Amino acid sequence: SLSLSLSLTLTLFLTHSLTHSLSASPASPASPASPPPPHPPFLSLFPLAGSTSTFLASFDAITGNPDPVEVVSEKIVHMGLAPTHIRMDDGTRVVYMVDASGGAHVFPSSPAAKAFYAANIAPISFYYLVETDEARVTGYQLPAKTADAGSPASAALWTVQFSGETVETFAAPPADEIVQSPVRILPDRSVMYKYLNPNLLVLATSARAGDEDSSAGGILDDDVVNIYTIDSVTGRVLSRTRHNNARGPVYAVCSENWVVYHYWSLERKGRWELGVIELYEGAESILSAEKVVDVIRGATEKEAFSSYTAKNPSVSRQTMIFPHAVRSMKVTQTRYGVTLRNVLMALGSDQVYSLDKRFADPRAPVNKQLTMEDREEGVIPYQAVIPVPPNRLLTYNQTIVGLRFMETAPARLESVCHVFAIGLDIFYTRTSPSRSFDLLAEDFDYLVLLLMIGALAGLTTLAWWKTKQKDLNSAWR
């Protein structure tokens, strides 16, 4: 069995607030007046794979000083970190875990953390387990209290069985993802509200020709790949996309209201293809001036999303040819979510490619001349083959041997995203999906800027003096 939190052998969680940058160093003896951070950043390390017990270790991310090690003598099947806005009084974000028998554990395991979990985390938190061997997904609610408090084990709320299919992969939106605008403005000035479901689960399955067709009954004539979008709180299947004459491996990534996935198509003697799905709540008429201002200010948020009352979304789909194999996919993240999101792909050539999401747009015009409004909105026409220019390779002319995993994190600058790639080699770089709009270029001419400021200051002073002289002469007349 797999859960969303078990994708890595070593899982790192940030359990204290990062009030200072991790790259900062402690105050030197020469500057004793510098105040220490109110909540020092701590990192927690959890080795998970195939162990019947789990040890929990944390250390100061700046000084390296460790805390006492804690041990959970149970096999952990799910692990989560409390949302950013749910913290203890000292700034700690509690880590909660569920063992194989359904009991809950927290880290740190102090009485205060257990009471905080029972009051603030358990009532609003759900989780799911993907059982790849059984082709089944089961959803649960967290136990009301921790296991040592005698709380009953978490009970299954729903189950979705994919009979005759093989689970290829699954994905969910990044935790604590920030969405700057909940709408998409179309070239004709109408608006479509994005289906922003934080509980979205994307699951890809495959089936071979000759297997039973679980959806329509009978026997499959071709190999198929199915992409499901599921609400992980209610277990409701929101959409299903079927690709005939296709096989795995499938890789997928999910962010905001869209899903991008990669699979092998058997069309024309076989080729790699890229699929994209976008979910919307619907469209409104032409925006009024007040609504345009609200969209620009980001004040178009509606009521809090509820999986129990939300309606099924409208779905847009499209596929393109992608000329490379893929081993992993990830989405760029930025501090405030203003920057456009790119899809990072670990190519079979051991390089990292950054795909502009606008090339994977299911609403892109097909065989149609772009209008002036389309160009103003930055619409890119549909391209049957996704280009892979060398300048979009974040690894430049280097290769990462055995590239298998990537991780992204926001930087302090909104335009910058940290990218970390892992294989036999380890690679780090920074990327700017919308270019460095909040950063001056390295060849920026500071001298000319200073001269212009000085000239403007001199002209302003001269104009002020001339005005005073004119007023004085007028007063003497």
Side-chain angles (χ1 to χ4, degrees), residues 1-8 11 13 46 48-54 56 72-83 86 93-107 109 113-163 165 167-177 197-205 228-238 252 254 304-310:
S1 299
L2 295 175
S3 74
L4 187 62
S5 62
L6 298 183
S7 58
L8 281 178
T11 304
F13 282 111
F46 306 88
L48 294 175
S51 177
T52 57
S53 62
T54 303
L56 317 172
V72 177
S73 57
E74 299 285 348
K75 182 179 179 180
I76 301 299
V77 297
H78 177 78
M79 180 178 293
L81 182 64
I86 300 180
R93 295 174 66 184
V94 174
V95 177
Y96 57 88
M97 298 159 282
V98 180
D99 59 38
S101 59
H105 308 267
V106 297
F107 178 79
S109 59
K114 295 177 181 179
F116 184 84
Y117 163 84
N120 301 280
I121 299 177
I124 61 171
S125 299
F126 301 82
Y127 72 98
Y128 57 88
L129 298 179
V130 179
E131 300 174 78
T132 56
D133 296 337
E134 304 294 334
R136 181 171 58 208
V137 185
T138 307
Y140 304 85
Q141 184 170 10
L142 287 178
K145 297 181 180 179
T146 56
D148 56 3
S151 176
S154 53
L157 300 178
W158 56 266
T159 298
V160 179
Q161 183 73 49
F162 304 95
S163 301
E165 302 178 38
V167 175
E168 293 283 346
T169 188
F170 57 95
D176 299 324
E177 180 180 51
N197 185 347
N199 309 312
L200 191 66
L201 167 65
V202 179
L203 189 135
T205 66
Y228 298 91
T229 56
I230 303 172
D231 189 299
S232 62
V233 171
T234 62
R236 183 161 47 107
V237 177
L238 304 174
C254 177
F305 182 87
S306 172
S307 294
Y308 295 104
T309 59

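The model shown is predicted, which means the values in this text are computed figures rather than measured ones. Computed over heavy atoms, backbone and side chain alike; hydrogens, waters and symmetry mates excluded.
Summarising the geometry, atom OG1 belonging to Thr138 is positioned 9.5 Å from atom OH belonging to Tyr127; distances are rounded to the nearest 0.5 Å. Here the CG-CG distance, from Asn197 to Leu238, works out to 6.5 Å after rounding to the nearest 0.5 Å. Interatomic distance, Met97 CE to Leu81 CG, rounded to the nearest 0.5 Å: 11.0 Å. Residue Ile230 holds its CD1 atom at 5.5 Å from CG of Leu203, rounded to the nearest 0.5 Å. The line from NZ of Lys114 to NE2 of His105 is 9.5 Å long, rounded to the nearest 0.5 Å. Considering CG of Leu201 and OG1 of Thr229, their distance stands at 9.0 Å, rounded to 0.5 Å.
Considering only heavy atoms from C-beta on, Val160 stays 4.5 Å or farther from Tyr228 through its side chain. Residues Pro83 and Asp176 are in side-chain contact: their nearest non-hydrogen atoms beyond the backbone lie under 4.5 Å apart. In this structure, Leu157 and Phe126 have side chains that are in contact, with non-hydrogen atoms separated by less than 4.5 Å. Side-chain contact between Tyr308 and Val233 is present, with heavy atoms from C-beta onward closer than 4.5 Å. Under the 4.5 Å side-chain criterion, counting only non-hydrogen atoms from C-beta, Tyr96 is in contact with His78. At least one side-chain heavy atom of Val137 sits less than 4.5 Å from a side-chain heavy atom of Phe162. By the 4.5 Å heavy-atom criterion applied to side chains, Val106 and Ile121 are not counted as neighbours.
The backbone N or O of Val167 lies less than 3.5 Å from no partner atom in the side chain of Thr132, so there is not a single donor-acceptor pair. A donor-acceptor distance shorter than 3.5 angstrom exists from the side chain of Arg93 to the backbone of Ala82, with no hydrogens or angles considered. Formation of a donor-acceptor pair under 3.5 Å by the Gln161 side chain with backbone atoms of Glu134 is found in this model.
Between Pro123 and Tyr117, the shortest heavy-atom contact is CD-O, 4.2 Å.
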Next on the checklist: With side chain to side chain contact (heavy atoms under 4.5 Å, CB included) as the criterion, how do Trp158 and Thr234 come out once you've worked through the C-alpha distance, each side chain's angles and the decisive distance to 0.1 Å?
Outcome noted: CA-CA 7 Å; Trp158 56 266; Thr234 62; 5.6 Å; no
